[in-house]
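Reading through the structure tokens given below for one structure.
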Amino acid sequence: MHRDTEDEMIKKLSQPDTRREAFTQVVKDYGEKLYWMTRKMGLSHDDTNDIVQNTFMKAWMNLDSFRGDSKLSTWLYKIAINENITFLNKQRAMNNISIDDVDVFLLEKLKSDDYFDGDDLQLKLQEAILNLPEKQRIVFNMKYYEEMKYEEMSEILGTSVGALKASYHHAVKKIETFLTDNI
């Protein structure tokens, strides 16, 4: 069985009689990608699952507003990023943490997560990433882990390519410094 092209999928998503089946395929095609993008923000397995589920629920509820102006993956990533930010802001508020503070509560959750199987070096890398400002963390994860092109990141985040390149460069330097100082 062949996979639908993006245009075919968007057409099926726009038609009531094929919408549900097409959306099931979207969940299959993008579920794992969104899971790992979210997980690499330093979130636990359970929190990641909740965010991915919320992402797909929001996408389903807003299918009528998706006009195909961007790629389907771009639209889903944008929703997922917003869900990540909303979740992190709620967590910070519950823990009385400023947006400018390091998200150490995420590191503690990660350490106690039964699904985290990384070694000490991977934990240090996660700690270095969690020490980044939120925007740099998002840019770093999208570029380093997702190997996303700056142009697509620009569309998702609404930031210029130049600013994204600078954010990524600063993030890499901060991670290098953190790892050098802490290993």
Side-chain angles (χ1 to χ4, degrees), residues 6 30-45 47-52 54-56 58-59 62 66 69-111 113 116 118 120-183:
E6 175 106 357
Y30 294 100
E32 189 173 344
K33 292 174 188 171
L34 293 175
Y35 174 89
W36 286 111
M37 182 198 70
T38 300
R39 181 83 161 142
K40 287 181 173 66
M41 289 295 291
L43 301 174
S44 72
H45 171 72
D47 292 340
T48 298
N49 277 338
D50 289 346
I51 290 169
V52 171
N54 288 345
T55 298
F56 282 124
K58 237 180 209 157
N62 292 292
F66 179 70
D69 296 339
S70 65
K71 289 179 12 184
L72 189 57
S73 60
T74 301
W75 184 63
L76 290 170
Y77 275 112
K78 188 179 283 193
I79 295 169
I81 293 288
N82 288 333
E83 286 299 307
N84 273 289
I85 291 169
T86 300
F87 174 82
L88 290 172
N89 287 339
K90 285 179 186 173
Q91 292 291 304
R92 289 182 190 113
M94 285 178 14
N95 290 292
N96 287 328
I97 296 171
S98 161
I99 195 166
D100 299 322
D101 291 336
V102 176
D103 289 332
V104 290
F105 69 95
L106 291 177
L107 186 63
E108 294 308 312
K109 270 182 124 172
L110 191 63
K111 286 179 182 176
D113 187 348
F116 182 76
D120 287 342
L121 189 56
Q122 288 171 315
L123 202 54
K124 279 293 181 200
L125 176 59
Q126 283 303 311
E127 187 175 357
I129 293 169
L130 289 172
N131 272 283
L132 296 172
E134 185 174 86
K135 182 86 172 203
Q136 285 181 8
R137 185 183 328 156
I138 291 169
V139 170
F140 178 81
N141 285 332
M142 292 173 94
K143 184 69 180 157
Y144 184 78
Y145 289 115
E146 303 298 318
E147 299 178 354
M148 200 174 286
K149 292 183 177 8
Y150 286 114
E151 291 74 19
E152 187 175 2
M153 290 167 53
S154 175
E155 197 172 331
I156 292 168
L157 299 173
T159 306
S160 74
V161 169
L164 292 169
K165 287 179 179 181
S167 284
Y168 182 73
H169 175 76
H170 291 303
V172 168
K173 290 294 177 202
K174 287 177 183 176
I175 290 170
E176 286 173 352
T177 301
F178 182 90
L179 292 175
T180 302
D181 294 347
N182 291 286
I183 292 184

Hey, could you give me the [atom1]/[atom2] distance between [X] and [Y], rounded to the nearest 0.5 Å?
{"X": "Asn54", "Y": "Ile79", "atom1": "CG", "atom2": "CD1", "value": "11.5 Å"}
{"X": "Asn84", "Y": "Asn89", "atom1": "CG", "atom2": "CG", "value": "10.5 Å"}
{"X": "Leu34", "Y": "Asn49", "atom1": "CG", "atom2": "CG", "value": "12.0 Å"}
{"X": "Leu164", "Y": "Met148", "atom1": "CG", "atom2": "CE", "value": "11.0 Å"}
{"X": "Tyr77", "Y": "Met153", "atom1": "OH", "atom2": "CE", "value": "11.5 Å"}
{"X": "Lys149", "Y": "Lys143", "atom1": "NZ", "atom2": "NZ", "value": "7.5 Å"}

Open item on the list: side chain to side chain contact (heavy atoms under 4.5 Å, CB included), that's the test. Do Trp75 and Glu155 meet it? Break it down for me.
Closed with: CA-CA 9 Å; Trp75 184 63; Glu155 197 172 331; over 6 Å; no
Task: Listed once per pair and sorted, the ring-ring contact (aromatic ring centres under 6.0 Å, His included) pairs that draw on residues 130-154, sequence neighbours left out - done: Phe140-Tyr144, Phe140-Tyr168
Task: Check: Ser154 side chain, Thr159 main-chain N or O, donor-acceptor pair, under 3.5 Å - done: yes
TODO: Give the intermediate values and the outcome of side chain to side chain contact (heavy atoms under 4.5 Å, CB included) for residues Ile138 and Ile85.
DONE: CA-CA 10 Å; Ile138 291 169; Ile85 291 169; 4.0 Å; yes
Task: Within 6.0 angstrom of Lys58 NZ, more than 12 heavy atoms from elsewhere - done: no
Taking all atoms of both residues into account, what is the closest heavy-atom pair of [X] and [Y], and its distance?
{"X": "Ser73", "Y": "Tyr30", "value": "CB-CE2, 3.5 Å"}
{"X": "Ala80", "Y": "Thr55", "value": "CA-OG1, 3.4 Å"}
{"X": "Ser44", "Y": "Arg39", "value": "C-NH1, 2.9 Å"}

Can you give each donor-acceptor pair under 3.5 Å made by side-chain atoms of residues 175-183, sequence neighbours left out, with the distance rounded to 0.1 Å?
unit_1 : atom_1 : unit_2 : atom_2 : d
Thr177 : OG1    : Lys173 : O      : 2.9
Thr180 : OG1    : Glu176 : O      : 2.7
Asn182 : ND2    : Phe178 : O      : 2.7

Task: Test side chain to side chain donor-acceptor pair (under 3.5 Å) applied to Thr74 - qualifying residues, sequence neighbours left out - done: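 With sequence neighbours excluded, Thr74 shows a side chain to side chain donor-acceptor pair (under 3.5 Å) to Glu152, given in chain and number order.
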- [ ] Step by step, work out the salt bridge (charged side-chain N to carboxylate O under 4.0 Å, His left out) result for Arg137 and Glu134.
- [x] CA-CA 5 Å; Arg137 185 183 328 156; Glu134 185 174 86; 5.6 Å; no
- [ ] Check step by step if side chain to side chain contact (heavy atoms under 4.5 Å, CB included) holds for Leu76 and Lys33.
- [x] CA-CA 10 Å; Leu76 290 170; Lys33 292 174 188 171; over 6 Å; no
TODO: Show your reasoning for whether side chain to side chain contact (heavy atoms under 4.5 Å, CB included) applies to Thr38 and Glu83.
DONE: CA-CA 9 Å; Thr38 300; Glu83 286 299 307; over 6 Å; no
Open item on the list: Quick check on side-chain hydrogen bond (donor to acceptor under 3.5 Å, both in side chains): which of His169, His170, Lys174 does Gln136 satisfy it with?
Closed with: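 The side-chain hydrogen bond (donor to acceptor under 3.5 Å, both in side chains) with Gln136 is passed solely by Lys174 among His169, His170, Lys174.
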